[in-house]
There are 2 protein chains.
Amino acid sequence: MRVTIRDVARAAGVSVTTVSRALNGAQDVGEETRQRVIEVAKQLNYRPSHVARSLVLRKSQNIGLLVSDFRKGGHHFLYDVLVGVHDTLAEYGYDVTLVSTDTARQQLVSYVDFCRARGLDGVIVMGIRLDDPYVEEVVESTLPSVVIDLPLLSRHCGYVMTDNVNGARYAVRHLVSRGCRRIGFVNGAAHAAVSRERLRGFEEAVRQYVGVYDDRLVVYGDFTLEGGQRALAELLARAPEVDGVFFASDLMAIGGLQHCRAAGIRVPEDLAVVGFDDIDLARFVTPALTTIAQPRYEMGCEAAKMLVHMLQKGEMPSGTLLPPQLVVRETA
Amino acid sequence: MRVTIRDVARAAGVSVTTVSRALNGAQDVGEETRQRVIEVAKQLNYRPSHVARSLVLRKSQNIGLLVSDFRKGGHHFLYDVLVGVHDTLAEYGYDVTLVSTDTARQQLVSYVDFCRARGLDGVIVMGIRLDDPYVEEVVESTLPSVVIDLPLLSRHCGYVMTDNVNGARYAVRHLVSRGCRRIGFVNGAAHAAVSRERLRGFEEAVRQYVGVYDDRLVVYGDFTLEGGQRALAELLARAPEVDGVFFASDLMAIGGLQHCRAAGIRVPEDLAVVGFDDIDLARFVTPALTTIAQPRYEMGCEAAKMLVHMLQKGEMPSGTLLPPQLVVRETA
DNA sequence: CTGTTAGCGCGTTCAG
DNA sequence: CTGAACGCGCTAACAG
């Protein structure tokens, strides 16, 4: 922060204003003056201060990445999204500031205040739950935001998520194509928006491809390995005739696989299994997990793109659904 | 950014200066004045502008997290470190800005300029390679920085890494305790600093616990799954009598496991295997991978702590080695 | 086409 | 104990 616009102005023998104009591509400046200024600036290795610029322009070119549930060993789902967000935002010339809800909560401020204090131009929200008190704030605030994996839509808030309904449909269709007739569903936590949608897709698909729908075949895990184990045990105790199970997350599916091994159930011969997410583990467990892949990186990119369009072109926020993809491996 | 310090001053019937002093805990302000100011500020939901404050204080309370190799599906190693960095920095009142070397490179600016332009107070560097041209810059610049996994030490640059030498020693000692006598080593890419240290630890331990050291038993993968497969095949072709292998990463070890399965080699009966990292996969592969765990989250915390101490107390940077831990599972 | 004058919102001398 | 004045580095009117 040593060499300022003034130094450049002095060295080039012009006024500060002229330097600003020359460097920012304004029209009203002589071509040779501009060249000279640019030359001098390069010579001096001048870098405009983003801070000073933010102050006067009231725009920071800085976007917050608000992460709930940002914890050690947590969802590596977040990582790919984060990289997508960062890559895209960097392309558009925005910086990314990490914000965790915990931090805001500890400081007892609303997350909007948190962002405003930092002059963030907008926010991308990840990992937030339906029942989080921040949800209301996100929807109602005028701070431009895009939420991932939660269908919140308002004047200043859009969302990006996987097409969970169709994802669930693909899973069921695949199980049916493998000969399954009694298909169970281990859903994730009820407070997650995605759980509702996957349930809807499951039900629709079962009605369509199997005919009869029996809601006794739906149980709830909580997206965890242990939850998946427990839920599958519960399901099989209730309905031993089940020949295929769709898990709303790979982690739960892997828990289910462990239960099968312990209980002597052969996969996929006795029970076919399909997961959701396509986490790294999926290809490595034995048998390798058939699953519905989410386009994590692309979700990050889309969210970033939407936010930038809102910011730069004043576009209205929208809801974007990204297509999931069936990845066939060994469990179904 | 609507309500400013001036609004608070007016509402409280004092000057701007007094508000500043009252809110920042300065001594020279009347207790009742302070209370009134605080009250009014709360009433108005006033949040000081970090941008304005940064400009005048020449400190942004914002730290860059510079990530090389920041890509889709890449090292999830980074994620845990990142969370550690963020958590710790948040505690100390610092924000975290994501910076990727690619972004800087594309803009053809040195990363130091990149950080200075943004007024970052310091940087934590991850994933950088020994042969990266930025290394020189990191060491020589006056921008306070802490590097992870690369032993760079200078006036303004410290580092945090796992004690790789001892990690390798633990691995060898464990293999020996399991009866191995001819121990091979699949090292990672040579350009990684950690590779050298792991090799050193390996050699020292073999000399100590086995007696004879044969450098024909050292081969190089490149930290990838396929690299591990290839390297193990090469090693066994060269020295079929090998009865234990230490891999410098879990991913390579898992590649090795796949090779073993394909080649009909029983693990751990015919060949004992120890990995390095303790990635999530390690517990889930079959047989489950015995490995040396790196304290990823803690590395992030330590790096952040060191940087803050440098910034706030003017402490000299140092080199911190964090202890790895042997996690015994099924492969050795 | 260029320079002068005003702030952006805040912390900090330095007088009172 | 308090306030007026100044400046952080930069852009944006408004002249000339």
Side-chain angles (χ1 to χ4, degrees), chain A residues 1-38 40-41 44-62 93 95 113-121, chain B residues 1-38 40-41 44-62 93 95 113-121:
Chain A
M1 218 65 57
R2 214 125 77 255
V3 34
T4 80
I5 198 172
R6 296 241 270 262
D7 301 319
V8 178
R10 251 195 304 271
V14 294
S15 80
V16 173
T17 314
T18 302
V19 174
S20 175
R21 285 198 276 244
L23 263 30
N24 292 327
Q27 299 307 320
D28 51 355
V29 58
E31 192 48 42
E32 64 178 300
T33 313
R34 154 169 288 135
Q35 287 310 328
R36 184 156 40 94
V37 169
I38 290 178
V40 170
L44 266 48
N45 194 29
Y46 167 66
R47 307 283 162 204
S49 157
H50 286 219
V51 173
R53 184 177 278 165
S54 298
L55 186 59
V56 56
L57 291 184
R58 280 99 162 278
K59 283 191 283 178
S60 61
Q61 294 290 102
N62 197 163
D95 290 340
D113 287 341
F114 189 92
C115 294
R116 285 218 197 286
R118 285 156 180 74
L120 301 178
D121 294 340
Chain B
M1 216 67 58
R2 216 127 73 253
V3 34
T4 79
I5 198 172
R6 297 240 271 261
D7 301 319
V8 178
R10 250 193 306 271
V14 294
S15 79
V16 174
T17 315
T18 303
V19 174
S20 174
R21 284 198 277 244
L23 264 30
N24 292 327
Q27 299 306 320
D28 50 356
V29 59
E31 193 47 41
E32 62 178 302
T33 312
R34 152 169 288 135
Q35 287 310 329
R36 185 156 40 92
V37 170
I38 290 178
V40 170
L44 267 46
N45 195 29
Y46 167 67
R47 307 285 162 200
S49 155
H50 286 219
V51 173
R53 184 179 277 166
S54 298
L55 187 59
V56 56
L57 292 183
R58 279 99 162 280
K59 283 192 283 179
S60 62
Q61 293 290 104
N62 195 163
D95 290 340
D113 287 341
F114 189 92
C115 295
R116 286 217 197 286
R118 284 154 180 75
L120 301 178
D121 293 342

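Chain identifiers are assigned alphabetically (A, B, ...) following the order of the sequence lines, protein sequences preceding nucleic acid strands; residue numbering begins at 1 within each chain. Note that the coordinates shown come from a computational prediction; the quantities given were computed from them, not determined experimentally. Side chains included, hydrogens not; waters and symmetry mates left out as well; all remaining heavy atoms used.
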>> Regarding B/R21, tell me which of base, sugar-phosphate or nothing describes its non-hydrogen contacts under 4.0 Å with the strands shown.
In response: base
> Contact class for B/V16 (heavy atom, under 4.0 Å): base, sugar-phosphate, or nothing?
Replying inline: nothing
> Just how far, in rounded Å, is P of D/dG3 from CZ of B/R6?
Replying inline: 15 Å
> Between atom NE2 in B/H50 and atom C1' in D/dC8, what is the gap in whole Å?
Replying inline: 17 Å
>> Using heavy-atom distances to pick each residue's nearest nucleotide on DNA chain D, tell me which of B/V14 and A/N24 is more 5'.
In response: B/V14
> Looking at B/S15, does any N or O in its side chain come under 4.0 Å of the phosphate oxygens OP1/OP2 on D/dG3?
Replying inline: yes
> Atom CG of B/L57 and atom P of D/dG7: how far apart are they, to the nearest Å?
Replying inline: 17 Å
> Atom CG of A/L23 to atom P of D/dA12: distance rounded to whole Å?
Replying inline: 13 Å
>> Rounding to an integer number of Å, can you tell me how far B/D7 CG sits from C/dG9 P?
In response: 9 Å
> So what does B/S54 hit on the nucleic acid, given a heavy-atom distance under 4.0 Å: a base, only sugar-phosphate, or nothing?
Replying inline: nothing
> Any side-chain N or O of A/T33 less than 4.0 Å from the OP1 or OP2 oxygen of C/dT2?
Replying inline: yes
> Quick one: is A/R58 getting a side-chain N or O under 4.0 Å of the D/dT11 phosphate, OP1 or OP2?
Replying inline: no
>> Please report the distance, rounded to the nearest Å, between CD1 in A/I5 and P in D/dC8.
In response: 13 Å
> Nearest nucleotide by nearest heavy atom, which residue falls closer to the 5' end of DNA chain D, A/S20 or B/G13?
Replying inline: B/G13
> If you measure from CG on B/N24 to CZ on B/R34, what distance do you get to the nearest 0.5 Å?
Replying inline: 9.5 Å
> Short question: side chain of A/D121, backbone of A/K59 - any donor-acceptor pair under 3.5 Å?
Replying inline: no
>> Please give me the minimum heavy-atom distance between A/S54 and A/S60, naming the atom from each residue.
In response: OG-CA, 3.4 Å
>> With a cut-off of less than 4.0 Å, is there a side-chain N or O of A/R53 near OP1 or OP2 of D/dT11?
In response: yes
>> Please determine whether a side-chain nitrogen or oxygen atom of B/R34 lies at a distance below 4.0 Å from atom OP1 or OP2 of D/dC1.
In response: no
>> What verdict does the side-chain contact (heavy atoms from CB on, under 4.5 Å) test give for A/H50 and A/N62, after you've listed the backbone C-alpha separation in whole Å, the side-chain angles of each residue and the deciding distance to 0.1 Å?
In response: CA-CA 10 Å; A/H50 286 219; A/N62 197 163; over 6 Å; no
> What is the distance, rounded to the nearest whole Å, between atom CG of A/L44 and atom P of D/dG9?
Replying inline: 14 Å
> At under 4.0 Å, does any side-chain N or O of B/T17 touch on OP1 or OP2 of C/dT12?
Replying inline: no
> Hey, is B/R116 close enough to B/D113 for a salt bridge, meaning N to O under 4.0 Å?
Replying inline: no
> Within this structure, what is the CZ-to-P distance between A/R116 and C/dC10, rounded to whole angstrom?
Replying inline: 14 Å
> A/T18 side chain N/O closer than 4.0 Å to the phosphate oxygens (OP1, OP2) of C/dG3?
Replying inline: yes
> Looking at B/I5 and B/V16, what are the two nearest heavy atoms and their distance?
Replying inline: CG2-CG1, 3.6 Å
> Toward the 5' end of DNA chain C, which comes first, B/V56 or A/V56, by nearest nucleotide?
Replying inline: A/V56
>> Nearest to the side chain of B/L55, heavy atoms from C-beta on, is which of D/dC10, D/dC8, C/dC10?
In response: D/dC8
